[in-house]
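Down below is the structure, laid out as structure tokens.
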Amino acid sequence: MLEIGVIRDQKEKVLSGLKTKNCNQEQLELLDKIIQEDDNRKSTQTNLDNLLSRSNKLAGEIGALFKSGNAEQANVLKDEVAALKEEIKSLDNQLKACKDALDEMIIQLPNLPHESVPQGKKPEDNEVFKGWDAPMPELAPGSLPHWELAEKYDLISFKDGVTLTGSGFPVYKGKGARLQRALINFFLDEAVAAGYHEIQPPLMVNKESARATGQLPDKEGQMYHCEKDDFYLIPTAEVPLTNLYRDTILQKADFPIKMTGYTPCFRREAGSYGADVKGLNRLHQFDKIEIVRLEHPENSYDVLMEMVAHVEGLLQKLELPFRILRLCGGDMSFNSALTFDFETWSAAQGRWLEVSSVSNFETFQANRMKLRFKDEDGKTRLAHTLNGSALALARIVATLLENHQTPIGIRIPAALIPYTGFDLIS
RNA sequence: GGAAGAAUGGCAGAGCUGGUUUAAUGCACCGGUCUUGAAAACCGGCGUGGGUAACACCACCGGGGGUUCGAAUCCCUCUUCUUCCGCCA
């Protein structure tokens, strides 16, 4: 969530940022309401504090009077405190209501975009940050989309998934399952080699965690919810990994904090439809290796580019054609200040598929989760959080199968062979 | 699942028969004196948040609620941890 101090002190800047994010008029008007409500909060708090101060003093005097045996005088003061208490209770309620109202308004505001974020509303407005210069792979006649390849080589059964659970829960088999395991290990090894600390977190989190990274309340309907225990199935490892540092004050020497983790990810994908959902393109459960970093604000944008480079390296090793987009204000997530999307070219489908999203959240998540650090001058400041997929499996498998298909089978890229133990799916 | 005990500032650890505790003390940490330098010793500082120009002031002793003029301290409740019993991959 945005910092109240920033909203107060840099209102114009906030306003123009929100416009880049394509906020509606209602959201823009919130700024003045927030400042007004915050003024209200301050004055209510001051009044309340004064009453509490008075009440504390009287209680002390009463104690002293009782000790000296002056009960009569003490009882007079007791009456005064009783009257104060009524007022305190009412102001306290007022203050609570005030804070709730303030919270509810601030939480509706998205993060401010970085200055490099292009204006725009639709995916077409995204900027191609780095295109694919080499020629696109040419597939032999008769090449198939991945869902047909999966069937042909008996790698993935979508049908069995429906039997077991429902659509969007594929069953991987034989070399298909082996390929999953190979990719997971490959991505984890690459991340660890790049200095990321490997973590295996729980796959369910509580409300506080989901709130801290911004999934609640924004994406309430997109997560699977176990009502009886009030747990949420994680939509990404970002949630548990980042939350490891919820409500923490770091020392400057603790930076950089680099974490990686493999987890299945669960998404309800309510409201999705059409060709997008065919095969592996959009699933309710998929595997992903996430990289997460907690950084000093000075470094966070250098680190973002470092993460982009890491993901780039992975795609190169998998020999997949890809491009990098800098997302426009309207296509960026609610929490992000700057996001680079990676897309691989799905030759058989004739379109780009998003396989990774690397973002800097600046202090937006840190503010919600109270993740801070001590600066050199001893001041406590909010840290920056970043994360990215490195990588998400399902769509990688889709493009891997499609782009590397040959008349004699599907070729496994050299970097992956030590992990699969085979070089061809036939 | 059952029983008992516990939860205090970075750590350790008092307070818990309610009012000089506005949380003692030690360690760690920061600054200074001394020293050629370091250690030791001594002096000072040392939690988080709100609030202020800066003070003042206010809140926080696992979370929430209650009793009282006054709660770290008493009561209720939830959570977590420890030990014991039961069950179990």
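Order of the sequence lines sets the chain letters (A, B, ...), proteins ahead of strands, with each chain counted from 1.
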Gap in Å between the two C1' atoms, one belonging to B/rC81 and one to B/rG31, rounded: 39 Å

Requested in this report: Quote, to the nearest angstrom, the C1' distance that separates B/rG1 from B/rC74.
Outcome: 31 Å

- Item | Parallel, tilted or perpendicular: ring planes of A/Y196 versus A/H310, cut at 30 and 60 degrees | tilted

- Query: Quick one: do A/R246 and A/E208 make a salt bridge, cutoff under 4.0 Å?
  - Reply: no

Atom CD of A/E61 and atom C1' of B/rU20 are separated, to the nearest Å, by 15 Å

Inter-nucleotide P distance (B/rG9, B/rG49), Å rounded: 16 Å

With heavy atoms under 4.0 Å as the rule, sort A/R372 into base, sugar-phosphate or nothing.
-> sugar-phosphate

To the nearest angstrom, the CG-C1' distance between A/L77 and B/rU68 comes to 16 Å

If you take atom types as modelled and just measure distance, does the side chain of A/N56 reach the base of B/rG70 with a donor-acceptor pair under 3.5 Å?
no

Quick note, A/A59 side chain, CB onward, closest among B/rC58, B/rG70, B/rG50 is B/rG70

Scanning both residues in full, the closest heavy-atom pair of A/L283 with A/E269 reads O-CG, 3.9 Å

Exercise. A/Y301 and A/E362: side-chain donor and acceptor closer than 3.5 Å?
Worked result: yes

note: A/E3, atom CD; B/rG49, atom C1'; distance rounded to Å ~ 14 Å

A/I249 CD1 to B/rU48 C1', in whole Å, measures 6 Å

What distance, rounded to whole Å, do you find between the two C1' atoms, one in B/rG18 and one in B/rG70? 8 Å

(message) Any base atoms under 4.0 Å from A/K42, or only sugar-phosphate, or nothing? Heavy atoms, all strands.
(response) sugar-phosphate

Pairwise C1' distance for B/rA7 and B/rU20, with rounding to whole Å: 28 Å

Writing each nucleotide of RNA chain B 5' to 3' as (, ), [, ], | or . by Watson-Crick or G-U pairing under 3.5 Å yields ((((((((.[[[..)...(.....]]].(((((.......))))).((((......)))).[[[[[..)....]]]]])))))))....

Is any side-chain nitrogen or oxygen of A/R54 closer than 4.0 Å to OP1 or OP2 of B/rC58? no

Aromatic contact between A/F231 and A/H225, with the criterion being ring centroids under 6.0 Å apart: yes or no? no

Ranking A/D38 and A/I62 by the position along RNA chain B of their nearest nucleotide, the one closer to 5' is A/D38

message = Once you apply a heavy-atom cut-off of 4.0 Å, does A/S55 come out as touching a base, just sugar-phosphate, or nothing?
response = nothing

- [ ] Determine the contact category for A/T46: base if any of its heavy atoms lies under 4.0 Å from a base atom, sugar-phosphate if only primed atoms, P, OP1 or OP2 are that close, otherwise nothing.
- [x] nothing

When rounded to whole Å, the NZ to P distance for the pair A/K96 and B/rA59 reads 14 Å

Between A/K85 and A/L48, the residue closer to the 5' end of RNA chain B by nearest nucleotide is A/L48

* Does the side chain of A/L48 reach to within under 4.5 Å of the side chain of A/I88, using non-hydrogen atoms? -> yes

key: C1'-based separation of B/rU17 from B/rA72 [nearest Å]   = 15 Å

Taken to the nearest whole Å, CZ/A/R246 to P/B/rG62 is 19 Å

**OP:** Under the side chain to side chain donor-acceptor pair (under 3.5 Å) rule, what do A/T380 and A/K374 come out as? Steps first, then yes or no, please.
**Re:** CA-CA 5 Å; A/T380 307; A/K374 283 259 188 242; 3.2 Å; yes

Tabulate below the donor-acceptor pairs under 3.5 Å that side-chain atoms of residues 55-64 of chain A make, not counting sequence neighbours, or state none.
unit_1: A/N56; atom_1: ND2; unit_2: A/L52; atom_2: O; d: 3.4

Closest of B/rU48, B/rA59, B/rG70 to the A/L52 side chain is B/rA59

Rounded to whole Å, the CG-C1' distance (A/D49 to B/rC55) equals 15 Å

Considering only heavy side-chain atoms of A/K89, the closest of B/rG49, B/rG66, B/rC58 is B/rG66

A/K122 and A/D331 ion-paired at < 4.0 Å
no

Per atom distances to the A/V81 side chain, the nearest of B/rG51, B/rC69, B/rU48 is B/rC69

Atom CG of A/D247 and atom C1' of B/rC60 are separated, to the nearest Å, by 12 Å

If the cut-off is 4.0 Å, is A/K57 near the phosphate of B/rC57, judged by side-chain N/O to OP1 or OP2? no

* Asked: How far does the C1' atom of B/rA23 sit from the matching atom of B/rA4, given to the nearest Å?
  -> 29 Å

Can you tell me if A/K374 touches the phosphate of B/rU48, counting only side-chain N or O atoms and a distance under 4.0 Å to OP1 or OP2? yes

Please measure how far the C1' atom in B/rC16 lies from the corresponding atom in B/rA28, and state the result in whole Å. 27 Å

